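For clarity, every value in this text was computed on a predicted model and none was experimentally measured.
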Amino acid sequence: MPWVNEDMCVGCGICEAECPVDAISVVKGVSAEIDEAVCIRCGKCHDVCPKEAVRHDSEKIPLLIEENLFDVQQKLNHFQTPQDKSDFFERIKRFYRMKAKVANMTIERIEQMQDEQT
């Protein structure tokens with residue numbers, strides 16, 4: 001999902017006006033925010049932003065990884081013994097493998113949909 005770099009956004013409202021589904025709002029005239037639940041990922045906000053403040057998902061990958069690792073560390077703190085910690089690591093790896101599998105299978109199905117539509 002696109003996101004807004006608040007340090008770059010000047011709150012001009014161009015993206016808000018251009019959004020076909022009203023997923024963008026300028027908060028207090030300072031910075032735009034994108035409602036992920038409403039956004040249809042059309043890319044128009046990327047195209048019209050004069051400050052290039054609307055950024056791509058891929059730029060957040062390192063941050064998202066750090067958030068995941070922080071979450072894992074917080075959960076790990078609940079386990080005391082080496083065996084419990086080892087068991088937890090195996091479970092959390094299965095969890096993230098499942099999420100990766102769901103993402104990959106979803107992409108495959110989207111590609112099938114795309115083939116059917118074209």
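When all heavy atoms are compared, the tightest approach of C19 to I24 is CB-CD1, 4.0 Å. The shortest heavy-atom contact between N77 and Q80 is O-NE2, 3.7 Å. Of all non-hydrogen atoms in H46 and V54, the two that sit nearest each other are ND1-O, 3.4 Å. What you find for K93 and E90 is that their closest heavy atoms are NZ-OE2, 3.0 Å.
Under the 4.5 Å side-chain criterion, counting only non-hydrogen atoms from C-beta, E18 is not in contact with C45. Side-chain contact check for E33 versus E16: every heavy-atom pair is 4.5 Å or farther apart.
With a 6.0 Å radius and a threshold of 12 heavy atoms from other residues, nucleotides or ligands, E67 has its CD atom above the threshold. Within 6.0 Å of atom CE in M98, more than 12 heavy atoms from other residues, nucleotides or ligands are found, so the atom counts as buried in its surroundings. For R109, the CZ atom is loosely surrounded, since the number of other residues' heavy atoms within 6.0 Å does not exceed 12.
Linking ILVMFWY residues whenever their side-chain heavy atoms come closer than 4.5 Å, directly or via other members, leaves I14 and M8 in distinct clusters. Following chains of ILVMFWY side-chain contacts shorter than 4.5 Å, one can reach F88 starting from F95, so the two form part of one hydrophobic cluster. Clustering ILVMFWY residues whenever any of their side-chain heavy atoms sit less than 4.5 angstrom apart, transitively, puts I92 in the very cluster that holds V102. Residues V10 and V30 fall into different hydrophobic clusters, defined by Ile, Leu, Val, Met, Phe, Trp and Tyr side chains chained together at heavy-atom separations under 4.5 Å. Taking hydrophobic clusters as Ile, Leu, Val, Met, Phe, Trp and Tyr residues chained together by side-chain heavy-atom distances below 4.5 Å, L69 does not share a cluster with L76.
One finds the CD1 atom of I107 at 12.0 Å from the CD atom of Q114 (value rounded to the nearest 0.5 Å). Taking NZ of K75 as the reference point, atom CZ of F70 lies at 10.5 Å (rounded to 0.5 Å). Atom CD1 of I110 and atom CD of Q117 lie 12.5 Å apart (nearest 0.5 Å). Between the CG atom in D7 and the NZ atom in K51 there is a gap of 13.5 Å [rounded to 0.5 Å].
In this view, K85 satisfies the salt bridge (charged side-chain N to carboxylate O under 4.0 Å, His left out) rule with no residue, not counting sequence neighbours.
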Query raised in the report: Does the side-chain contact (heavy atoms from CB on, under 4.5 Å) test come out yes or no for S25 and D35, once each step is laid out?
Result: CA-CA 8 Å; S25 57; D35 184 340; over 6 Å; no
Query raised in the report: Yes or no on side-chain contact (heavy atoms from CB on, under 4.5 Å) for E59 and W3, after CA distance, side-chain angles and deciding distance?
Result: CA-CA 10 Å; E59 293 180 33; W3 58 282; 4.0 Å; yes
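At distances below 3.5 Å, not a single donor-acceptor pair connects side-chain atoms of S86 with backbone N or O atoms of P82.
When each of P2, P20, C15 is tested with K44 by the rule side-chain contact (heavy atoms from CB on, under 4.5 Å), just one qualifies, namely P20.
Looking only at atom types and distance, the side chain of N104 has no donor-acceptor partner in the side chain of E108 under 3.5 Å away.
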